[in-house]
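For reference, the structure is listed below as structure tokens.
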Protein chains: 2
Amino acid sequence: MVTLSEENYLKAIYHLGKQGSVVVSTNAIAEQMETKASSVTDMIKKLADKNLANYIKYQGVSLTKEGRLAAASVVRKHRLWEVLLVEKLNFSWDEVHEVAEQLEHIKSEKLINELDAFLNYPEEDPHGDPIPDKEGNIKKVEKILLSQVDENQSCICVGVKDSSTDFLKYLDKHHISLGTSIKIISKEKFDESMTINVNNALINISKIVSNNIYVKKG
Amino acid sequence: MVTLSEENYLKAIYHLGKQGSVVVSTNAIAEQMETKASSVTDMIKKLADKNLANYIKYQGVSLTKEGRLAAASVVRKHRLWEVLLVEKLNFSWDEVHEVAEQLEHIKSEKLINELDAFLNYPEEDPHGDPIPDKEGNIKKVEKILLSQVDENQSCICVGVKDSSTDFLKYLDKHHISLGTSIKIISKEKFDESMTINVNNALINISKIVSNNIYVKKG
DNA sequence: ATATATTTTTAGACAAGACTAAAAATATAT
DNA sequence: ATATATTTTTAGTCTTGTCTAAAAATATAT
């Protein structure tokens, strides 16, 4: 049995090391989880004992195949629940995270499969992040940061890198959501801000903003 | 903050002492929760410290107003989730309990209110048990045990007292569910079994069975 | 009313998960 | 290469919730 706490560590390692295949440091995990390095060391040992992680003292951790699947399963659940919250229960995309953090730990194979079917097998969560399938596979989609797009090019918002409440509310205020068409009008050299056209309104966004919006050509 | 474990104790006391207004014994709680009396004593003290329970050593516990509301809230969540599972996610009434035991601890006011609305404000769960409202009030419905009904009378199944998987599967096998019409054909004096008519089939049920089915006149 | 049985509580121990402070290993800089 | 800084681990403590065994209180029976 994988405990709630173990699931959270697996998820952190999964996210830090691109789907868990890369070695990550104790401190990185501690920062991600807002805990202390010593707590991380303790837990890593438990994960290694359970064959969920590969661990070499002082060197870092990566997930085993089993650990990767367990982590992907938690992420799958998190994202499916987020879809339910937004599509059926009137949550906005900035309200779902906290609740999904709880729901992702509910243990029931049937529940998650039925939820998947009920939601019509969504491929992405409300922030444009891919939903792993039962085997833990994710569909890689072409996406680049808005900051990479050149002047006079048009693109479509397909996701966000930062999904904090503050950032999502900022996007809401400027009517930017998934599927929104964005045209780059101009880019400033000195601060790398850009002026963009969204729904025929011109707005100026900082580099920080354009660096946290994923878009595709179009 | 009420912890998961505390919520489970509150729920147990709530169920044992008709909505928590009655004093219940340490042993009764221990039995209900499949734990030891000493663990119960420990937890009762914590609940009393938090003003969720009234506790007098060696005398027993009851819930305070606050404790009763907290317990009713957990029961409300449990039963609403059960409705979701059955109505939307293809669970049968014997499959919902275990998952609802987990879901009932999810903390989000908005979630439970939206769920309530999404399900169209159900008044009962899939076993016919009433769903407390936000204030913890439950609608008392007229119901008697099938064993109380006289020969030649007809009635309608409105709930079950035992909602164990085994019993619910037994009812499924005999096509008895909520809303099913039942006519009492005859009752045996010596073992108190009865023959009933369900969907034009005659079946014989033991006292144990008739004692676990709630019905209303009709 | 006294002895016996049952219930409840206390005392002490344990596991999980987290923390602090100190020690050990690794990395960096001159 | 040696000193310094950083990272990681260890050792020991704390809290929550559980348990066992023993003690205390209450209930029951003769």
Side-chain angles (χ1 to χ4, degrees), chain A residues 1-17 20 22-63 67 70-71 74 101-102 104-107, chain B residues 1-17 20 22-63 67 70-71 74 101-102 104-107:
Chain A
M1 235 280 295
V2 183
T3 69
L4 187 149
S5 194
E6 286 166 351
E7 285 189 343
N8 284 332
Y9 278 92
L10 289 172
K11 196 175 45 146
I13 301 169
Y14 180 88
H15 283 136
L16 283 169
V22 161
V23 169
V24 299
S25 76
T26 302
N27 261 4
I29 298 169
E31 193 179 350
Q32 166 97 359
M33 299 197 58
E34 298 184 312
T35 185
K36 301 294 153 128
S38 54
S39 308
V40 175
T41 303
D42 288 347
M43 182 55 85
I44 286 171
K45 287 182 190 163
K46 290 176 195 161
L47 295 177
D49 285 348
K50 289 190 175 184
N51 256 298
L52 297 166
N54 307 116
Y55 170 52
I56 305 170
K57 262 195 199 178
Y58 294 100
Q59 303 286 112
V61 225
S62 61
L63 297 180
V74 175
E101 287 283 296
Q102 299 176 61
E104 70 188 6
H105 301 293
I106 301 295
K107 283 173 177 44
Chain B
M1 234 280 294
V2 183
T3 69
L4 187 149
S5 194
E6 286 167 350
E7 285 189 343
N8 284 331
Y9 278 92
L10 289 172
K11 196 175 47 146
I13 300 169
Y14 180 88
H15 282 136
L16 284 169
V22 161
V23 170
V24 299
S25 74
T26 302
N27 262 3
I29 298 168
E31 193 180 349
Q32 166 99 357
M33 298 196 60
E34 298 183 313
T35 184
K36 300 295 153 127
S38 55
S39 307
V40 175
T41 302
D42 288 346
M43 184 54 86
I44 286 171
K45 287 181 189 164
K46 291 175 194 160
L47 294 178
D49 285 348
K50 289 189 175 183
N51 256 299
L52 297 167
N54 306 115
Y55 170 51
I56 306 172
K57 261 193 200 179
Y58 294 101
Q59 303 285 111
V61 226
S62 61
L63 296 179
V74 175
E101 287 285 296
Q102 299 176 61
E104 71 188 5
H105 301 293
I106 302 295
K107 284 175 175 44

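Computed from a predicted structure; not experimentally measured. In what follows, every chain begins at residue 1, and chains take the letters A, B, ... in the order their sequences are listed.
- Shortest non-hydrogen contact noted between Ala12(A) and Ile29(A) is CB-CG2, 4.5 Å.
- Close to dG17(C), at under 4.0 Å from its OP1 or OP2, lies a side-chain N or O of Thr3(A).
- Between Thr35(B) and dC19(D) there is a side-chain N or O to OP1 or OP2 distance below 4.0 Å.
- Taking atom NE2 of residue His105(A) and atom P of nucleotide dG17(C), one finds them 12 Å apart after rounding to whole Å.
- Phosphate proximity of dA16(C) to Lys46(A): absent, as no side-chain N or O sits under 4.0 Å from OP1 or OP2.
- One atom, CG of Leu47(B), and another, P of dT16(D), lie 13 Å apart when rounded to the nearest Å.
- Between Glu7(A) and Val74(A) the shortest heavy-atom distance is CD-CG2, 3.8 Å.
- When rounded to the nearest whole Å, the span between NZ of Lys57(B) and C1' of dA23(D) equals 12 Å.
- In this structure, NZ of Lys45(B) is placed 8 Å from P of dT9(C), rounded to the nearest angstrom.
- Contact annotation: Tyr55(A) does not reach the phosphate of dT8(D) (side-chain N/O to OP1 or OP2, under 4.0 Å).
- Side chain of Asp42(A), nearest nucleotide from dT8(C), dC19(C), dG17(C): dC19(C).
- Phosphate contact (OP1/OP2 of dT7(C), side-chain N/O of Thr26(B), threshold under 4.0 Å): absent.
- For the OP1/OP2 pair of dT16(D) and a distance below 4.0 Å, the side-chain nitrogens and oxygens of Ser5(B) include no atom meeting the criterion.
- Look at CE on Met33(B): it is 7 Å from P on dT18(D), rounded to the nearest Å.
- Between Ala71(B) and Leu63(B), the closest heavy-atom pair is CB-CD1, 4.0 Å.
- The side chain of Ser39(A) contributes no N or O atom lying less than 4.0 Å from OP1 or OP2 of dA18(C).
- For a distance-only test at 3.5 Å, the side chain of Ser38(A) qualifies as a donor-acceptor partner of the base of dT20(C).
- Of the candidates dT9(C), dA16(C), dT10(D), the closest approach to any side-chain atom of Ala37(B) belongs to dT9(C).
- Between Glu34(B) atom CD and dT18(D) atom P the separation is 13 Å, expressed in whole Å.
- Taking each heavy atom of Val22(B) and Ser62(B) in turn, the nearest pair found is O-CB, 3.7 Å.
- Remark: Asn27(A) is in phosphate contact with dT8(D), judged by side-chain N or O atoms under 4.0 Å from OP1 or OP2.
- OP1 and OP2 of dT6(D) both lie 4.0 Å or more from every side-chain N or O belonging to Tyr58(A).
- Judged as a side-chain contact (heavy atoms from CB on, under 4.5 Å), and not counting sequence neighbours, the contacts of Asn51(A) are Glu66(A).
- In DNA chain C, consecutive stretches of 3 or more Watson-Crick or G-U wobble pairs with both distances under 3.5 Å are given as paired ranges: C:1-30 with D:1-30.
- Looking at heavy atoms from C-beta onward, Leu52(A) lies in side-chain contact with Val2(A) at the 4.5 angstrom threshold.
- Comparing Ile44(B) and Tyr9(A) by the nucleotide of DNA chain C that holds the closest heavy atom to each, the one mapping nearer the 5' end is Ile44(B).
- Between the Lys45(B) side chain and the Tyr55(B) main chain, no donor and acceptor come within less than 3.5 Å of each other.
- Of the side-chain N and O atoms in Lys36(B), none sit less than 4.0 angstrom from OP1 or OP2 of dG17(D).
- Rounded to whole Å, atom C1' of dA16(C) lies 14 Å from atom CG of Asp49(A).
- Two residues are said to be in side-chain contact when any heavy atoms from C-beta on lie closer than 4.5 Å; Met33(B) and Asn8(B) meet this criterion.
- In this structure, CD of Gln59(B) is placed 13 Å from C1' of dT9(C), rounded to the nearest angstrom.
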